[in-house]
Amino acid sequence: MEQRARTDFDKIVKNSNFSKNDIDFKIKNLNNFIKNGFPNKKQETWKFSDLNQIISKNILNLSFYNDISVTNKIDSSNFIDGLEHNKIVFINGRIEKIDFKYEEKNKIKITDGINTKNNLEEINSIISLNNAFTNKHYKIIVKKNYSLKKPLVIYSITDQKLNSKNISLRLDFLLEENSFLKLIDFFSDTAENNFINSLYNFDLSKNSTLKNYKIDNKTNNNIRYSFNNIEQDENSLSETFVLSSGSSFFKNEVNCNLKGKYSSAFINGIISLNKKKHHEIKTNINHLKESTKSYQLIKSVLENNSKAVYQGKIYVNHEAQKTDGYQLSKAVLLNENVEFNAKPELEIYADDVKCSHGSASGSLNKNSIFYLMSRGLNYTQAKDLLLNGFLLDVIEKITENEIKNLVKSSIGIKE
Amino acid sequence: MIEKEINKIKEYKYGFSTDIENIKAPKGLNEDVVKFISNIKKEPQWMLEWRLKAYKRLKNLKEPDWQKPKYPKINYQDLYYYSAPKNFEDKPKDINDLDPKLLETYKKLGIPLQEQKRLNGIAVDAVFDSVSVATTFKDKLNENGIIFCSISEAIQKHPDLVKKYLGSVIPLTDHYFATLNSAVFTDGSFVYIPENTRCPMELSTYFRINASQTGQFERTLIIADKGSYVSYLEGCTAPMRDENQLHAANVELVALDDAEIKYSTVQNWYPGDENGKGGIYNFVTKRGLCKGKNSKISWTQVETGSAITWKYPSCILRGDNSVGEFYSIAITNNYQKADTGTKMIHLGKNTRSKIISKGISAGFSDMTYRGLVDISTKAVNSNNYTQCDSLLMGNKCGAHTIPYIKNKNLDSNIAHEATTSKISEEQLHYCQQRGLNSEEAVGLIVNGFCKEVLQQLPMEFAVEAQKLVGISLEGSVG
């Protein structure tokens with residue numbers, strides 16, 4: 001793999017016009033990735049999902065070179081119907097379209113350039129991989145006091161041309177004071193056996209709000225990793241919702257630094273799996289200043305040999321008095337041979353805090369099924385009704401109505 | 001100067017050391033020391049071979065380093081692995097033959113071996129540095145066929161039982177400290193309860209490290225045969241020394257069909273002074289195997305001592321319908337550190353486990369609960385309930401919860417809850433209003449917080465533990 005990564009890297013550098021600084025930065029990251037390889041289960045945070053093994057099992061001859069000189073045709077059938085939205089379209093790892101047609105022109109600024117300021121690559125080797133191989137570092141700036149009128153949808157589309165490739169996507173966002181961004185990540189893949197990793201870095205200034213919804217609902221045969229880093233200033237708010245269901249492997253990682261007073265972070269997620277899928281949600285919330293708040297709710301439904309993992313960590317440092325942290329994960333196991341692993345973690349260094357977590361896993365309540373069946377439902381109907389209610393609980397946490405409905409209809413949940 | 005000493009002793013009343021001439025093994029860890037220990041205990045060849053096998057494996061093992069409390073590297077060559085009071089080469093047959101100084105020591109500890117004979121209640125096995133010095137109530141226990149003696153004696157007198165069960169729960173192929181113990185363990189207790197016997201009294205062991213630069217490596221093996229019951233208590237203290245001393249014991253429990261073992265620990269090793277100097281490193285491996293159907297193992301621990309506590313008393317629930325329980329109070333003050341919890345490994349059908357853990361940290365201390373609940377595919381209809389609560393006093397200390405939850409079985413349920421909080425102003429105010437001073441008020445609230453666990457202790461221990469909880473937190477309020 002090492003040789004392959006190096007030759008592919010040289011090929012990319014030759015075909016593009018990176019500055020000297022950029023190349024140095026990329027080489028540093030490449031070396032870091034080659035030194036560490038893909039994360040494996042010996043690393044504590046990858047204990048339940050051995051990515052190195054998963055990649056070597058599923059992807060033969062992983063290639064790091066992706067030809068981005070050819071434009072791809074945009075197929076509008078991939079777009080979300082019935083929802084007016086701005087778009088950024090990635091096709092096979094190449095940005096094909098950036099369209100903010102519903103917004104005022106001077107309120108959104110897009111810059112291009114590597115941001116080497118935060119040392120995210122120290123978190124894991126995939127971030128180094130992303131830094132080394134991503135072709136564009138776009139930064140989207142939402143100006144002071146501006147709220148986007150319509151949500152921004154980021155489409156990540158792949159077509160059949162793509163196979164056994166590593167695709168690295170990267171976007172940076174800066175939300176200036178008092179601004180508001182709604183962001184939907186929408187995955188649509190027809191390609192198979194690729195490793196797709198995306199890295200988002202959000203900077204939330206004072207009083208700004210970010211709502212990020214990730215929807216992975218179309219069954220596909222790719223291995224996906226997503227990392228969101230969210231830096232939050234005073235009184236800012238972030239809401240993250242993850243629907244994790246389609247890809248054969250998906251690890252969603254959210255790292256949240258609550259750096260300003262009264263900032264808050266909400267993370268909700270659904271993992272709904274069948275076949276041999278293996279998904280993980282990992283969260284890391286760092287309460288660094290006083291009076292910060294975080295809330296997490298993750299629910300999983302598992303069928304047919306699938307495996308789900310939830311690792312959540314709440315960290316509270318000495319300064320962060322009056323922290324309110326909550327974490328709950330629940331899982332329903334529907335078949336034999338499914339597996340649910342959880343590691344809900346608290347690390348607390350302040351005394352005036354309210355932190356709690358809960359985790360429960362098991363089968364559907366037999367009494368509830370009996371109750372419903374005695375009222376005339378058959379077994380499948382009773383089961384569906386119970387699961388419906390189980391998941392609806394999370395979906396109701398979505399604060400945007402139109403997006404709530406979109407999620408409901410995409411997984412067929414009734415009210 | 002003298003006053004200072006007195007004050008020091010007040011803080012940790014077990015902090016005296018006894019001047020008794022000791023026989024020590026040569027310093028350091030090597031094959032000869034292993035042979036020396038085996039030889040001085042007049043062990044049979046198979047035991048020596050077992051030890052050497054462990055030692056051989058140890059040479060290729062690395063010390064684990066994933067724990068939260070970090071400590072300076074231990075120089076294993078700078079320790080004595082065997083230390084015994086001199087006149088113990090020929091072990092006294094009767095308590096009356098004991099060195100009066102030793103008896104005095106045990107009196108100070110509150111274990112009056114002499115008087116114990118007359119009191120009806122607890123049978124004691126006392127381990128001083130490396131050897132078991134006295135076991136009381138032997139005759140009475142013998143009547144019931146119960147074997148309660150030091151492990152060295154058991155190796156001599158009951159080799160079949162020892163051969164069969166030693167290493168069956170903590171094998172030679174385990175982690176670093178367990179393997180180290182297998183190679184150099186010096187003494188410990190051995191208990192065998194025959195079929196359908198209910199042990200008529202509480203069995204108890206008292207451990208004390210006296211000599212300096214000595215590691216204590218005791219090994220306890222408890223076997224409860226079919227349909228039997230035993231309740232076992234363990235207490236520990238050590239003198240105050242500026243150096244850190246290592247205590248790496250192995251405790252193995254085996255419960256056969258319908259048997260029940262209740263194991264309680266009040267751990268009060270010297271925790272170091274208020275600046276974090278000295279104290280015991282308590283790196284103990286405790287594991288119970290519910291081998292038979294309907295068996296039950298219950299761990300109760302009150303951890304107030306040690307500079308670093310790093311242990312996970314675990315249950316392997318292999319028999320169908322077996323039950324594992326873990327009740328724990330861990331208190332850290334000053335610069336103490338603890339990384340403790342349990343493992344519940346469900347292998348049999350209809351197995352149940354319950355974990356109640358209460359952590360209290362004060363001063364500059366750091367406390368971690370780390371636990372594993374693993375329900376395997378075959379453990380149909382199993383249940384686990386976990387609750388861990390932490391109480392923080394001040395913002396210089398830390399409290400952490402790291403549970404690992406693995407569920408591979410559709411018919412099994414796991415529930416986990418954890419909270420972290422502090423003593424609320426309202427509660428304190430309420431108590432103070434009714435005439436308690438702030439320390440008494442904290443004591444009362446903390447005792448209430450720990451009640452669920454204290455209830456599990458046998459009566460004699462519960463009183464001591466309750467006092468200990470109060471003492472450990474002295475000076476942490478205000």
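The sequence lines fix the lettering, A, B, ..., with proteins before strands; numbering per chain opens at 1. Keep in mind it's a predicted model, so treat the numbers as computed, not measured.
- Residue contact with chain A, scored on non-hydrogen atoms closer than 4.5 Å, involves the side chain of Thr377(B) exclusively.
- For chain B, the option among Ser361(A), Gly362(A), Gly325(A) with the highest count of heavy-atom pairs below 4.5 Å is Ser361(A).
- Heavy atoms of Gln311(A) lying under 4.5 Å from chain B are absent altogether.
- Proximity to chain B is limited to the backbone of Leu334(A), based on heavy atoms less than 4.5 angstrom apart.
- Counting heavy-atom pairs closer than 4.5 Å to chain A, the top-ranked of the candidates Cys397(B), Ser390(B), Ser424(B) is Cys397(B).
- Of all the listed residues (Ala360(A), Pro344(A), Ser356(A)), the one sharing the greatest number of non-hydrogen pairs under 4.5 Å with chain B is Pro344(A).
- Atom CD1 of Ile423(B) is separated from atom CD1 of Ile445(B) by 5.0 Å, given to the nearest 0.5 angstrom.
- For chain B, no part of Lys307(A) is nearby; none of its heavy atoms comes within less than 4.5 Å.
- In terms of heavy-atom pairs under 4.5 angstrom with chain A, the leader among Asp366(B), Leu392(B), Leu410(B) is Leu410(B).
- Contact tally against chain A (heavy-atom pairs below 4.5 Å) for Ile402(B), Asn383(B), Asn407(B): the top residue is Asn407(B).
- No more than 12 heavy atoms of other residues, nucleotides or ligands lie within 6.0 Å of NE2 in His429(B), so this atom counts as exposed by the packing criterion.
- For Arg352(B), the CZ atom is loosely surrounded, since the number of other residues' heavy atoms within 6.0 Å does not exceed 12.
- In summary, the side chains of Ser365(B) and Gln336(B) do not present any donor paired with an acceptor at a separation below 3.5 Å, with no hydrogens or angles considered.
- Side chain to side chain, Glu253(A) and Asn229(A) fail the donor-acceptor criterion of an N or O pair below 3.5 Å.
- Ring centroids of Trp46(A) and Tyr225(A) are separated by less than 6.0 Å, placing the two rings close together.
- Side-chain contact, Ser382(B) with Thr351(B): a donor N or O sits under 3.5 Å from an acceptor N or O.
- Using a 4.5 Å cut-off between heavy atoms, Lys68(B) touches chain A through its side chain atoms alone.
- Heavy atoms of Lys366(A) lying under 4.5 Å from chain B belong exclusively to its side chain.
- Taking the charged nitrogens against the carboxylate oxygens, Arg287(B) and Asp174(B) do have a contact shorter than 4.0 Å, which makes a salt bridge.
- Residue contact with chain B, scored on non-hydrogen atoms closer than 4.5 Å, is absent for Glu319(A).
- When each of Leu302(A), Val353(A), Leu333(A), Leu346(A) is checked for heavy-atom pairs under 4.5 Å with chain B, Leu346(A) comes out on top.
- The choice from Thr420(B), Leu391(B), Asn413(B), Thr419(B) that makes the most heavy-atom pairs within less than 4.5 Å of chain A is Thr420(B).
- Checked against salt bridge (charged side-chain N to carboxylate O under 4.0 Å, His left out), Glu452(B) has the following partners two or more places apart in sequence or in another chain: Lys358(B).
- Looking at Phe48(A), only its side chain comes within 4.5 Å of chain B, counting heavy atoms on both sides.
- Both the backbone and the side chain of Asp352(A) come within less than 4.5 Å of a heavy atom of chain B.
- A donor atom on one side chain and an acceptor atom on the other are not found under 3.5 Å apart for Asn350(B) and Asp320(B).
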